[in-house]
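Quick note on labels: first sequence line is chain A, next is B, and so on, each numbered from 1.
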Number of protein chains: 2
Amino acid sequence: MESRIDRIKKQLHSSSYKLTPQREATVRVLLEHEEDHLSAEDVYLLVKEKSPEIGLATVYRTLELLTELKIVDKINFGDGVSRYDLRQEGAAHFHHHLVCIECGAVDEIQEDLLEDVEEVVEKRWHFKIKDHRLTFHGICYRCQDKKK
Amino acid sequence: MESRIDRIKKQLHSSSYKLTPQREATVRVLLEHEEDHLSAEDVYLLVKEKSPEIGLATVYRTLELLTELKIVDKINFGDGVSRYDLRQEGAAHFHHHLVCIECGAVDEIQEDLLEDVEEVVEKRWHFKIKDHRLTFHGICYRCQDKKK
DNA sequence: CTTCTTGCAAAGCTTTTGCAGCACG
DNA sequence: CGTGCTGCAAAAGCTTTGCAAGAAG
(Lines give C-alpha, C1' and ligand atoms only; values in the text may rest on other atoms or scores of the structure.)
Protein backbone atom coordinates (compact mmCIF):
# COMPACT_ATOMS: atom_id res chain seq x y z
CA MET A 1 0.00 0.00 0.00
CA GLU A 2 1.14 3.46 -0.81
CA SER A 3 2.00 5.55 2.21
CA ARG A 4 1.37 9.19 2.83
CA ILE A 5 5.08 9.88 2.45
CA ASP A 6 5.09 8.20 -0.95
CA ARG A 7 2.28 10.38 -2.14
CA ILE A 8 4.01 13.50 -0.92
CA LYS A 9 7.14 12.32 -2.70
CA LYS A 10 5.18 12.09 -5.92
CA GLN A 11 3.77 15.54 -5.42
CA LEU A 12 7.28 16.89 -5.03
CA HIS A 13 8.55 15.01 -8.07
CA SER A 14 5.72 16.21 -10.24
CA SER A 15 6.96 19.73 -9.56
CA SER A 16 10.60 18.68 -10.05
CA TYR A 17 11.58 18.74 -6.42
CA LYS A 18 13.38 15.96 -4.61
CA LEU A 19 12.44 14.33 -1.35
CA THR A 20 15.84 14.71 0.27
CA PRO A 21 16.57 13.14 3.67
CA GLN A 22 16.13 16.54 5.30
CA ARG A 23 12.79 17.10 3.63
CA GLU A 24 11.66 13.61 4.51
CA ALA A 25 12.63 14.09 8.15
CA THR A 26 10.68 17.35 8.22
CA VAL A 27 7.60 15.79 6.66
CA ARG A 28 7.77 12.89 9.12
CA VAL A 29 7.75 15.29 12.04
CA LEU A 30 4.69 16.99 10.60
CA LEU A 31 2.96 13.63 10.16
CA GLU A 32 3.76 12.62 13.73
CA HIS A 33 2.35 15.87 15.05
CA GLU A 34 -0.65 16.24 12.83
CA GLU A 35 -2.81 17.42 15.70
CA ASP A 36 -0.42 20.14 16.76
CA HIS A 37 0.28 23.51 15.26
CA LEU A 38 4.03 23.66 15.20
CA SER A 39 6.09 26.74 14.58
CA ALA A 40 9.18 26.55 12.37
CA GLU A 41 11.31 26.49 15.50
CA ASP A 42 9.22 23.65 16.96
CA VAL A 43 9.65 21.64 13.79
CA TYR A 44 13.36 22.38 13.74
CA LEU A 45 13.87 21.12 17.29
CA LEU A 46 11.88 17.96 16.64
CA VAL A 47 13.69 17.20 13.40
CA LYS A 48 16.98 17.82 15.14
CA GLU A 49 16.31 14.99 17.58
CA LYS A 50 16.58 12.48 14.75
CA SER A 51 18.71 14.39 12.28
CA PRO A 52 20.96 16.63 14.38
CA GLU A 53 22.83 18.04 11.42
CA ILE A 54 19.86 19.81 9.87
CA GLY A 55 19.87 23.60 9.70
CA LEU A 56 17.05 25.92 10.63
CA ALA A 57 17.16 27.53 7.21
CA THR A 58 16.49 24.18 5.59
CA VAL A 59 13.43 23.71 7.74
CA TYR A 60 12.17 27.12 6.72
CA ARG A 61 12.84 26.36 3.08
CA THR A 62 11.09 23.01 3.32
CA LEU A 63 8.05 24.47 5.04
CA GLU A 64 7.87 27.17 2.42
CA LEU A 65 8.03 24.52 -0.30
CA LEU A 66 5.32 22.42 1.29
CA THR A 67 3.13 25.48 1.66
CA GLU A 68 3.59 26.32 -1.99
CA LEU A 69 2.53 22.80 -2.97
CA LYS A 70 -0.46 23.08 -0.63
CA ILE A 71 0.68 20.09 1.40
CA VAL A 72 0.72 22.23 4.51
CA ASP A 73 -1.06 25.45 5.41
CA LYS A 74 0.75 28.32 7.03
CA ILE A 75 -1.32 29.88 9.78
CA ASN A 76 -0.93 32.73 12.16
CA PHE A 77 -2.77 32.95 15.44
CA GLY A 78 -1.40 36.38 16.20
CA ASP A 79 1.36 35.32 18.57
CA GLY A 80 4.20 36.44 16.36
CA VAL A 81 5.14 33.14 14.78
CA SER A 82 3.87 31.28 11.77
CA ARG A 83 2.55 27.80 12.38
CA TYR A 84 2.29 24.96 9.93
CA ASP A 85 -0.59 22.58 9.60
CA LEU A 86 -0.72 19.48 7.41
CA ARG A 87 -3.66 19.68 5.07
CA GLN A 88 -6.11 16.77 5.14
CA GLU A 89 -5.59 14.68 2.04
CA GLY A 90 -8.06 15.71 -0.60
CA ALA A 91 -9.42 18.58 1.45
CA ALA A 92 -10.62 21.36 -0.78
CA HIS A 93 -10.64 23.84 2.02
CA PHE A 94 -8.70 24.65 5.07
CA HIS A 95 -10.17 23.41 8.32
CA HIS A 96 -11.23 25.67 11.16
CA HIS A 97 -9.62 26.36 14.52
CA LEU A 98 -10.77 26.90 18.07
CA VAL A 99 -8.23 28.88 20.06
CA CYS A 100 -8.72 28.93 23.82
CA ILE A 101 -7.99 32.33 25.34
CA GLU A 102 -7.39 30.79 28.75
CA CYS A 103 -5.08 27.83 28.17
CA GLY A 104 -3.93 28.55 24.64
CA ALA A 105 -5.02 25.16 23.30
CA VAL A 106 -5.86 24.98 19.62
CA ASP A 107 -8.46 22.44 18.54
CA GLU A 108 -9.46 21.69 14.98
CA ILE A 109 -12.78 21.40 13.24
CA GLN A 110 -12.33 19.30 10.13
CA GLU A 111 -15.91 19.63 9.00
CA ASP A 112 -16.64 22.43 6.57
CA LEU A 113 -19.22 24.65 8.22
CA LEU A 114 -18.99 27.46 5.74
CA GLU A 115 -20.76 26.11 2.69
CA ASP A 116 -23.88 28.21 3.17
CA VAL A 117 -21.93 31.30 4.12
CA GLU A 118 -19.70 30.95 1.08
CA GLU A 119 -22.67 30.73 -1.21
CA VAL A 120 -23.98 34.00 0.20
CA VAL A 121 -20.59 35.70 -0.10
CA GLU A 122 -20.05 34.57 -3.69
CA LYS A 123 -23.47 35.78 -4.76
CA ARG A 124 -23.86 38.91 -2.71
CA TRP A 125 -20.30 40.23 -2.88
CA HIS A 126 -19.51 38.77 -6.29
CA PHE A 127 -16.30 37.28 -4.90
CA LYS A 128 -14.86 34.01 -6.24
CA ILE A 129 -13.73 32.11 -3.13
CA LYS A 130 -10.61 30.00 -3.35
CA ASP A 131 -9.94 29.34 0.31
CA HIS A 132 -10.84 30.55 3.75
CA ARG A 133 -9.49 31.01 7.26
CA LEU A 134 -11.86 30.72 10.18
CA THR A 135 -10.73 30.87 13.78
CA PHE A 136 -12.88 31.17 16.86
CA HIS A 137 -11.46 32.64 20.03
CA GLY A 138 -13.10 31.61 23.26
CA ILE A 139 -13.04 29.12 26.08
CA CYS A 140 -12.51 25.44 25.37
CA TYR A 141 -14.53 22.68 27.01
CA ARG A 142 -11.61 21.76 29.28
CA CYS A 143 -11.35 25.25 30.79
CA GLN A 144 -15.13 25.51 31.13
CA ASP A 145 -15.20 22.25 33.06
CA LYS A 146 -12.29 23.33 35.23
CA LYS A 147 -14.27 26.26 36.63
CA LYS A 148 -17.10 24.19 37.98
CA MET B 1 -23.17 66.07 19.64
CA GLU B 2 -20.53 63.77 21.00
CA SER B 3 -17.91 62.79 18.48
CA ARG B 4 -16.24 59.47 17.98
CA ILE B 5 -13.00 60.91 19.34
CA ASP B 6 -14.79 62.03 22.51
CA ARG B 7 -16.14 58.56 23.09
CA ILE B 8 -12.71 57.03 22.59
CA LYS B 9 -11.31 59.60 25.01
CA LYS B 10 -13.80 58.43 27.59
CA GLN B 11 -12.90 54.82 27.00
CA LEU B 12 -9.28 55.68 27.64
CA HIS B 13 -10.08 57.66 30.76
CA SER B 14 -12.20 54.92 32.20
CA SER B 15 -9.10 52.74 32.11
CA SER B 16 -6.94 55.60 33.44
CA TYR B 17 -5.20 56.39 30.19
CA LYS B 18 -4.86 59.85 28.70
CA LEU B 19 -5.68 60.95 25.20
CA THR B 20 -2.36 62.65 24.55
CA PRO B 21 -1.79 64.64 21.35
CA GLN B 22 0.16 61.70 19.91
CA ARG B 23 -2.61 59.27 20.71
CA GLU B 24 -5.21 61.59 19.31
CA ALA B 25 -3.25 62.04 16.09
CA THR B 26 -2.97 58.28 15.77
CA VAL B 27 -6.68 57.74 16.35
CA ARG B 28 -7.52 60.44 13.81
CA VAL B 29 -5.46 58.69 11.18
CA LEU B 30 -7.31 55.47 11.89
CA LEU B 31 -10.66 57.25 11.63
CA GLU B 32 -9.68 58.85 8.33
CA HIS B 33 -8.65 55.47 6.93
CA GLU B 34 -11.39 53.34 8.33
CA GLU B 35 -11.72 51.40 5.10
CA ASP B 36 -8.05 50.53 4.89
CA HIS B 37 -6.01 47.99 6.78
CA LEU B 38 -2.99 49.94 7.79
CA SER B 39 0.22 48.49 9.16
CA ALA B 40 1.98 50.18 12.07
CA GLU B 41 4.43 51.66 9.59
CA ASP B 42 1.56 52.98 7.43
CA VAL B 43 -0.01 54.63 10.45
CA TYR B 44 3.35 56.06 11.51
CA LEU B 45 3.95 57.68 8.12
CA LEU B 46 0.45 59.13 8.00
CA VAL B 47 0.65 60.49 11.53
CA LYS B 48 4.03 61.96 10.73
CA GLU B 49 2.54 64.12 8.01
CA LYS B 50 0.66 66.12 10.61
CA SER B 51 2.78 65.51 13.70
CA PRO B 52 6.34 65.07 12.41
CA GLU B 53 7.86 64.69 15.85
CA ILE B 54 6.08 61.44 16.69
CA GLY B 55 8.16 58.30 17.15
CA LEU B 56 7.45 54.87 15.69
CA ALA B 57 7.53 53.32 19.16
CA THR B 58 4.75 55.61 20.30
CA VAL B 59 2.60 54.49 17.40
CA TYR B 60 3.23 50.86 18.31
CA ARG B 61 2.41 51.57 21.94
CA THR B 62 -0.76 53.40 21.02
CA LEU B 63 -1.92 50.66 18.70
CA GLU B 64 -1.25 48.08 21.38
CA LEU B 65 -3.26 50.15 23.84
CA LEU B 66 -6.18 50.53 21.45
CA THR B 67 -6.12 46.81 20.76
CA GLU B 68 -6.22 46.06 24.45
CA LEU B 69 -9.26 48.32 24.86
CA LYS B 70 -10.88 46.65 21.85
CA ILE B 71 -11.12 49.92 19.99
CA VAL B 72 -9.11 48.43 17.15
CA ASP B 73 -8.51 44.86 16.08
CA LYS B 74 -5.07 43.61 15.19
CA ILE B 75 -5.15 41.39 12.14
CA ASN B 76 -2.68 39.43 10.17
CA PHE B 77 -3.18 38.52 6.54
CA GLY B 78 -0.02 36.47 6.38
CA ASP B 79 2.22 39.05 4.76
CA GLY B 80 4.51 39.47 7.72
CA VAL B 81 3.04 42.64 9.20
CA SER B 82 0.23 43.25 11.64
CA ARG B 83 -2.57 45.46 10.46
CA TYR B 84 -4.97 47.48 12.54
CA ASP B 85 -8.65 47.83 11.93
CA LEU B 86 -11.02 50.16 13.78
CA ARG B 87 -13.85 48.20 15.29
CA GLN B 88 -17.38 49.25 14.41
CA GLU B 89 -18.92 51.03 17.36
CA GLY B 90 -21.00 48.63 19.37
CA ALA B 91 -19.98 45.66 17.26
CA ALA B 92 -19.91 42.53 19.34
CA HIS B 93 -17.84 40.68 16.81
CA PHE B 94 -15.10 41.29 14.40
CA HIS B 95 -16.13 41.80 10.79
CA HIS B 96 -15.01 39.57 7.96
CA HIS B 97 -12.52 40.15 5.16
CA LEU B 98 -12.24 39.35 1.49
CA VAL B 99 -8.63 39.22 0.37
CA CYS B 100 -8.04 39.23 -3.38
CA ILE B 101 -5.22 36.91 -4.38
CA GLU B 102 -4.71 38.79 -7.64
CA CYS B 103 -4.63 42.45 -6.75
CA GLY B 104 -4.21 42.23 -2.99
CA ALA B 105 -7.26 44.35 -2.23
CA VAL B 106 -8.97 43.75 1.10
CA ASP B 107 -12.71 44.36 1.31
CA GLU B 108 -14.82 44.16 4.41
CA ILE B 109 -18.06 42.44 5.24
CA GLN B 110 -19.64 44.20 8.19
CA GLU B 111 -22.59 41.89 8.40
CA ASP B 112 -22.26 38.97 10.77
CA LEU B 113 -22.69 35.84 8.68
CA LEU B 114 -21.60 33.42 11.35
CA GLU B 115 -24.52 33.36 13.75
CA ASP B 116 -25.75 29.95 12.65
CA VAL B 117 -22.26 28.50 12.48
CA GLU B 118 -21.43 29.77 15.95
CA GLU B 119 -24.50 28.17 17.39
CA VAL B 120 -23.41 24.83 15.95
CA VAL B 121 -19.85 25.24 17.24
CA GLU B 122 -20.93 26.21 20.75
CA LYS B 123 -23.27 23.24 21.00
CA ARG B 124 -21.36 20.55 19.18
CA TRP B 125 -17.84 21.40 20.35
CA HIS B 126 -18.85 22.81 23.71
CA PHE B 127 -16.77 25.91 23.07
CA LYS B 128 -17.73 29.32 24.47
CA ILE B 129 -17.09 31.74 21.60
CA LYS B 130 -15.81 35.20 22.46
CA ASP B 131 -14.70 36.38 19.04
CA HIS B 132 -13.89 35.15 15.57
CA ARG B 133 -11.70 35.78 12.57
CA LEU B 134 -13.02 34.95 9.13
CA THR B 135 -11.12 35.72 5.96
CA PHE B 136 -11.88 34.54 2.46
CA HIS B 137 -9.15 34.33 -0.11
CA GLY B 138 -10.20 34.53 -3.73
CA ILE B 139 -10.81 36.87 -6.63
CA CYS B 140 -12.57 40.17 -6.10
CA TYR B 141 -15.27 41.50 -8.41
CA ARG B 142 -12.89 44.02 -9.93
CA CYS B 143 -10.39 41.39 -11.03
CA GLN B 144 -13.17 39.14 -12.30
CA ASP B 145 -14.51 41.95 -14.44
CA LYS B 146 -11.06 42.82 -15.69
CA LYS B 147 -10.68 39.41 -17.31
CA LYS B 148 -13.75 39.69 -19.50
C1' DC C 1 6.27 65.88 43.47
C1' DT C 2 4.44 61.81 41.25
C1' DT C 3 2.88 59.32 37.62
C1' DC C 4 2.24 58.57 32.97
C1' DT C 5 3.99 59.22 28.35
C1' DT C 6 7.36 60.06 24.76
C1' DG C 7 11.46 59.79 21.44
C1' DC C 8 15.49 57.70 20.47
C1' DA C 9 18.45 54.06 20.09
C1' DA C 10 19.41 49.54 21.10
C1' DA C 11 17.99 45.01 21.46
C1' DG C 12 15.06 40.99 20.36
C1' DC C 13 12.67 37.88 17.39
C1' DT C 14 11.39 35.49 13.50
C1' DT C 15 12.43 34.76 8.81
C1' DT C 16 15.23 35.29 4.59
C1' DT C 17 19.42 35.37 1.88
C1' DG C 18 24.34 34.78 0.13
C1' DC C 19 27.60 31.59 -0.60
C1' DA C 20 30.74 27.82 -0.63
C1' DG C 21 30.48 23.00 -0.41
C1' DC C 22 28.02 18.65 -1.09
C1' DA C 23 25.05 15.15 -3.39
C1' DC C 24 23.52 12.81 -7.13
C1' DG C 25 22.50 11.73 -11.61
C1' DC D 1 30.11 18.59 -14.90
C1' DG D 2 25.60 20.58 -13.77
C1' DT D 3 21.85 21.38 -11.12
C1' DG D 4 19.61 21.36 -7.00
C1' DC D 5 20.01 21.28 -1.99
C1' DT D 6 22.18 22.19 2.47
C1' DG D 7 24.45 24.50 6.55
C1' DC D 8 26.27 28.32 8.37
C1' DA D 9 26.46 32.92 9.27
C1' DA D 10 25.03 37.29 8.14
C1' DA D 11 21.38 40.26 7.00
C1' DA D 12 16.83 41.87 6.96
C1' DG D 13 12.58 42.94 8.47
C1' DC D 14 9.02 43.98 12.25
C1' DT D 15 8.25 44.89 17.03
C1' DT D 16 9.57 45.65 21.81
C1' DT D 17 12.24 47.65 25.50
C1' DG D 18 15.42 50.67 28.42
C1' DC D 19 16.11 55.01 29.68
C1' DA D 20 16.44 59.87 30.36
C1' DA D 21 13.67 63.72 29.45
C1' DG D 22 9.12 65.85 29.13
C1' DA D 23 4.17 66.71 30.14
C1' DA D 24 0.19 66.92 33.13
C1' DG D 25 -2.30 67.16 37.17
Side-chain angles (χ1 to χ4, degrees), chain A residues 8-29 37-69 71-85, chain B residues 8-29 37-69 71-85:
Chain A
I8 289 172
K9 188 171 183 176
K10 281 187 185 163
Q11 279 184 267
L12 286 171
H13 284 166
S14 71
S15 304
S16 342
Y17 294 115
K18 296 171 194 163
L19 184 63
T20 62
Q22 290 90 336
R23 288 180 184 164
E24 180 167 345
T26 305
V27 170
R28 283 192 190 284
V29 162
H37 301 84
L38 305 174
S39 67
E41 184 83 28
D42 294 337
V43 174
Y44 171 62
L45 293 174
L46 287 164
V47 173
K48 235 178 172 208
E49 288 176 10
K50 302 215 169 157
S51 315
E53 71 299 342
I54 201 169
L56 179 55
T58 301
V59 171
Y60 270 102
R61 284 187 278 233
T62 302
L63 291 171
E64 188 192 5
L65 180 60
L66 295 172
T67 304
E68 191 187 302
L69 297 179
I71 293 167
V72 307
D73 282 298
K74 189 174 178 179
I75 36 177
N76 199 303
F77 294 128
D79 59 349
V81 293
S82 292
R83 296 177 180 281
Y84 298 85
D85 211 346
Chain B
I8 289 172
K9 187 170 182 175
K10 280 187 184 164
Q11 278 185 268
L12 287 171
H13 285 166
S14 71
S15 303
S16 343
Y17 293 116
K18 297 170 194 164
L19 184 63
T20 62
Q22 290 89 335
R23 287 179 184 162
E24 180 167 344
T26 305
V27 171
R28 283 192 190 284
V29 162
H37 300 83
L38 304 174
S39 66
E41 183 84 29
D42 294 337
V43 174
Y44 172 61
L45 293 174
L46 287 165
V47 174
K48 237 179 171 210
E49 289 176 9
K50 301 215 171 157
S51 314
E53 71 300 341
I54 200 168
L56 179 55
T58 301
V59 171
Y60 270 103
R61 285 187 278 233
T62 302
L63 291 170
E64 188 193 5
L65 180 60
L66 296 172
T67 303
E68 191 186 301
L69 296 180
I71 293 167
V72 307
D73 282 297
K74 190 174 176 177
I75 36 176
N76 199 303
F77 294 127
D79 59 349
V81 294
S82 292
R83 298 178 177 279
Y84 298 85
D85 211 345

Compare the minimum distances between each of [options] and the side chain of [X], then state the nucleotide with the smallest one.
X: Val81(A); options: dT6(D), dC14(D), dT15(C); result: dT15(C)
X: Lys74(A); options: dT16(C), dT15(D), dT5(C); result: dT16(C)
X: Thr58(A); options: dT6(D), dC5(D), dT15(D); result: dT6(D)
X: Tyr17(B); options: dT16(D), dT5(C), dC5(D); result: dT5(C)

Close side-chain approach of Arg23(A) to Ile8(A), heavy-atom, < 4.5 Å | no

Tell me which of Arg83(B) and Pro21(B) sits closer to the 5' end of DNA chain D, going by the nucleotide each one is nearest to.
->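 Its nucleotide being nearer the 5' end, the pick is Arg83(B).
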
When you match Gly80(B) and Lys18(B) each to their closest nucleotide on DNA chain D, which lands nearer the 5' end?
->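 Its nucleotide being nearer the 5' end, the pick is Gly80(B).
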
Nearest-angstrom distance from the residue atom [atom1] of [X] to [atom2] of [N]:
X: Phe77(A); N: dT14(C); atom1: CZ; atom2: P; answer: 17 Å
X: Glu64(B); N: dT17(D); atom1: CD; atom2: P; answer: 7 Å
X: Lys48(A); N: dG7(D); atom1: NZ; atom2: P; answer: 10 Å
X: Leu56(B); N: dG7(C); atom1: CG; atom2: C1'; answer: 11 Å
X: Asp79(B); N: dC14(D); atom1: CG; atom2: P; answer: 10 Å
X: Leu63(B); N: dC14(D); atom1: CG; atom2: C1'; answer: 13 Å
X: Glu41(A); N: dT15(C); atom1: CD; atom2: P; answer: 9 Å
X: Glu24(B); N: dA23(D); atom1: CD; atom2: P; answer: 17 Å

Can you give me the closest heavy-atom contact between [X] and [Y], atom names plus distance?
X: Val81(A); Y: Ser39(A); answer: CG2-CB, 4.1 Å
X: His37(B); Y: Arg83(B); answer: O-NH1, 2.7 Å
X: Leu56(A); Y: Ala40(A); answer: CD1-O, 4.4 Å
X: Ser82(A); Y: Asn76(A); answer: OG-ND2, 4.1 Å

Quick check on [N]: is either OP1 or OP2 less than 4.0 Å from any side-chain nitrogen or oxygen of [X]?
X: Thr20(B); N: dA23(D); value: no
X: Tyr60(B); N: dT15(D); value: yes
X: Ser82(B); N: dT15(D); value: yes
X: Gln22(B); N: dA23(D); value: no

What's [X] touching, base or sugar-phosphate or nothing? Going by heavy atoms closer than 4.0 Å.
X: Ser39(A); result: nothing
X: Glu53(B); result: sugar-phosphate
X: Arg61(B); result: base

Identified side-chain contact (heavy atoms from CB on, under 4.5 Å) partner of Thr26(B) from the options Leu46(B), Thr20(B), Ile54(B) = Ile54(B)

